[in-house]
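Lettering follows sequence order; numbering is per chain, from 1. Values below: every heavy atom of this structure, side chains too, minus hydrogens, waters and symmetry copies.
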Protein chains: 2
Amino acid sequence: MADGISERVRPRDRILETAQDMFHKHGIKGVGVDAITEAAGTNKMTLYRHFESKDDLIIECLRATACKAAAIWDAFEAEYPGDKLAQLHAWVRKASEMLANDSRGCDMANAAVELSETNHPARRVIKELKEAQRERLVNLCREAGVGQAELLADTLSLLLEGARVSLQSVGAEGPSAQFVRMAEGLIASFKAR
Amino acid sequence: MADGISERVRPRDRILETAQDMFHKHGIKGVGVDAITEAAGTNKMTLYRHFESKDDLIIECLRATACKAAAIWDAFEAEYPGDKLAQLHAWVRKASEMLANDSRGCDMANAAVELSETNHPARRVIKELKEAQRERLVNLCREAGVGQAELLADTLSLLLEGARVSLQSVGAEGPSAQFVRMAEGLIASFKAR
DNA sequence: CTAGGGTGTTACCGGTCTGTAACGTCACGA
DNA sequence: TCGTGACGTTACAGACCGGTAACACCCTAG
């Protein structure tokens, strides 16, 4: 009792957490605000007191997800302080774990697919956050002593993005099964130059 | 006059063509059957006389799209008969053209993202068609004289898939801009072994 | 000419969606 | 004690969704 996990959390945070989970599992257009609030143990009015609209909730969810991703990056630095190459390998390992444990891919990429309107407010945010992640991977590659850091980072980035979407369309036995092999091969190849 | 393109085409084919286009541009859940039939110059009743349901229409659209893709593959064989390596390079060129001219990615991958329900009837079809394309690319790589044909084919496959989804989330200046360079580098690298 | 199948039109059903209004409740702090 | 603000509840608006019924029309094959 008084576990402090689900009871004392503010409705806004419960909504945000639940929405992230449900958007991830069922897609943005696949879940309504009613379902979110019910699963969060609250109601629609409370949601609209904390978020201007569903679009606003979507954006806040994407930001929160990006925040969690950033925390994972920080964990690499904490685990292998200063050893950028080890951090790069940790990135590959973490990516393959995600491929193994979750078949719904990247929230931002999925959102970009679902929200096809070019002027949708979430698209700006998606682009921002994705570019930030790209820059972080480029820096990691560069500091790991790779010559063509941008090219390696972009290649790894596309490989992972492709693996996550392929996982959804072809399944776990598809091309994504070879992700680690491909990524490690690439890193070795770029290091050798 | 009597151009025979839009006038004499049967309603079913107009619906199928229009639905492909609209699903591609706006996503599956982003367009309703009313909008499709209106754009196709017909009405909802006629649609439901030719297709059991919207899900059925979706599936037929995916099959039709796969058919068009298969025709593109056939064009490679027609253009470079017997020269499998040239056909592989043509595949890369064609892929980069698609990346340049269309920012909405692969219909099947997008559909897999949107239709998150694991039992959705379209998912079987998506998997089938994607596996067929994978096999075709593997064969092309093998017959082009590549040692690890499966690995190269899967890597190229993930790269393209990633480029198409990255194009939607980050834009044309993102990692997808380097697709040709990556793909050609990979092919050269695999050929060299 | 006639019969029938493919098509167009209108209206409708039941459901779901986002978003809002009005009101009731409860805890907490001055 | 009082009041203030956060939260819950109910009801509803207005739009859109997929899908169906009933009927009128027209072209063509026989």
Side-chain angles (χ1 to χ4, degrees), chain A residues 1-2 4-23 25-62 110-111 114-117 119-123, chain B residues 1-2 4-20 22-23 25-62 111 114-117 119-123:
Chain A
M1 42 257 349
I5 289 181
S6 64
E7 290 307 320
R8 273 297 183 174
V9 182
R10 300 288 236 178
R12 185 185 195 278
D13 297 326
R14 296 203 315 262
I15 291 173
L16 204 55
E17 208 68 28
T18 308
Q20 281 177 71
D21 183 55
M22 296 186 74
F23 284 154
K25 285 180 185 160
H26 312 298
I28 289 174
K29 298 196 178 175
V31 52
V33 292
D34 267 321
I36 294 172
T37 55
E38 188 184 351
T42 176
N43 55 73
K44 197 157 51 169
M45 274 313 304
T46 300
L47 186 153
Y48 280 104
R49 284 187 190 111
H50 289 288
F51 303 93
E52 280 187 3
S53 61
K54 186 184 180 182
D55 283 348
D56 184 33
L57 175 62
I58 293 168
I59 290 175
E60 291 307 312
C61 282
L62 292 175
N110 291 355
E114 283 201 85
L115 310 175
S116 56
E117 314 138 67
N119 286 337
H120 195 287
R123 298 194 72 90
Chain B
M1 25 235 48
I5 289 180
S6 64
E7 290 306 321
R8 273 297 183 177
V9 182
R10 300 289 237 180
R12 186 184 194 279
D13 297 325
R14 296 202 317 261
I15 291 172
L16 204 56
E17 208 68 29
T18 309
Q20 282 177 70
M22 295 185 75
F23 284 154
K25 284 180 185 161
H26 312 298
I28 290 175
K29 298 196 179 176
V31 52
V33 291
D34 268 320
I36 295 173
T37 54
E38 188 183 352
T42 174
N43 53 73
K44 199 158 49 170
M45 273 312 303
T46 301
L47 186 152
Y48 281 103
R49 286 187 189 110
H50 290 288
F51 304 93
E52 281 187 4
S53 61
K54 187 185 181 182
D55 283 349
D56 185 34
L57 175 62
I58 292 168
I59 291 175
E60 292 306 313
C61 282
L62 292 175
E114 282 201 86
L115 310 175
S116 56
E117 315 138 67
N119 286 338
H120 195 288
R123 297 195 73 90

Please report the shortest heavy-atom distance between K54(A) and I28(A), naming the atom on each side.
NZ-O, 3.1 Å

Minimum heavy-atom distance S116(B)-G27(A), with the two atoms named
OG-N, 4.3 Å

Among residues at least two apart in sequence or on other chains, which ones pass side chain to side chain contact (heavy atoms under 4.5 Å, CB included) with R12(A)?
L16(A), H50(A), F51(A), E60(A)

Contacts of D21(A) meeting side chain to side chain contact (heavy atoms under 4.5 Å, CB included) (sequence neighbours excluded), chain-then-number -> K25(A)

What is the distance, rounded to the nearest whole Å, between atom [atom1] of [X] and atom [atom2] of [N]?
X	N	atom1	atom2	answer
D34(A)	dG19(C)	CG	P	12 Å
I28(A)	dC17(C)	CD1	P	15 Å
K29(B)	dC16(D)	NZ	C1'	15 Å

Contact list please: residues 37-45 of chain A against DNA chain D, heavy atoms, distance less than 4.0 Å, in numerical order.
G41(A), T42(A), N43(A), M45(A)

Partners meeting side chain to side chain donor-acceptor pair (under 3.5 Å) with D13(A) (sequence neighbours left out):
none

Of all residues at least two apart in sequence or in a different chain, which pass the side chain to side chain donor-acceptor pair (under 3.5 Å) check with D56(A)?
none

Qualifying residues under salt bridge (charged side-chain N to carboxylate O under 4.0 Å, His left out), relative to E117(A), sequence neighbours excluded
none

Can you list, in residue-number order, the parts of residues 46-60 of chain B that come under 4.0 Å of DNA chain C, counting heavy atoms only?
T46(B), R49(B), H50(B)

Rounding to 10 degrees, work out the angle separating the end axes of the helix from dC1(C)-dG30(D) to dA30(C)-dT1(D) (five pairs an end).
0°

Distance in Å, L57(B) CG paired with I15(B) CD1, rounded so as to fall on 0.5 Å steps:
7.5 Å

Roughly how far apart are L115(B) CG and R123(B) CZ, rounded to 0.5 Å?
7.0 Å

I'd like a table of donor-acceptor pairs (distance under 3.5 Å, sequence neighbours excluded) in which one partner is a side-chain atom from residues 29-39 of chain A, with atom names and distances.
residue : atom : partner : partner atom : Å
K29(A)  : NZ   : E114(A) : O            : 3.4
D34(A)  : OD2  : K44(A)  : NZ           : 3.4
T37(A)  : OG1  : V33(A)  : O            : 3.2
T37(A)  : OG1  : D34(A)  : O            : 2.9

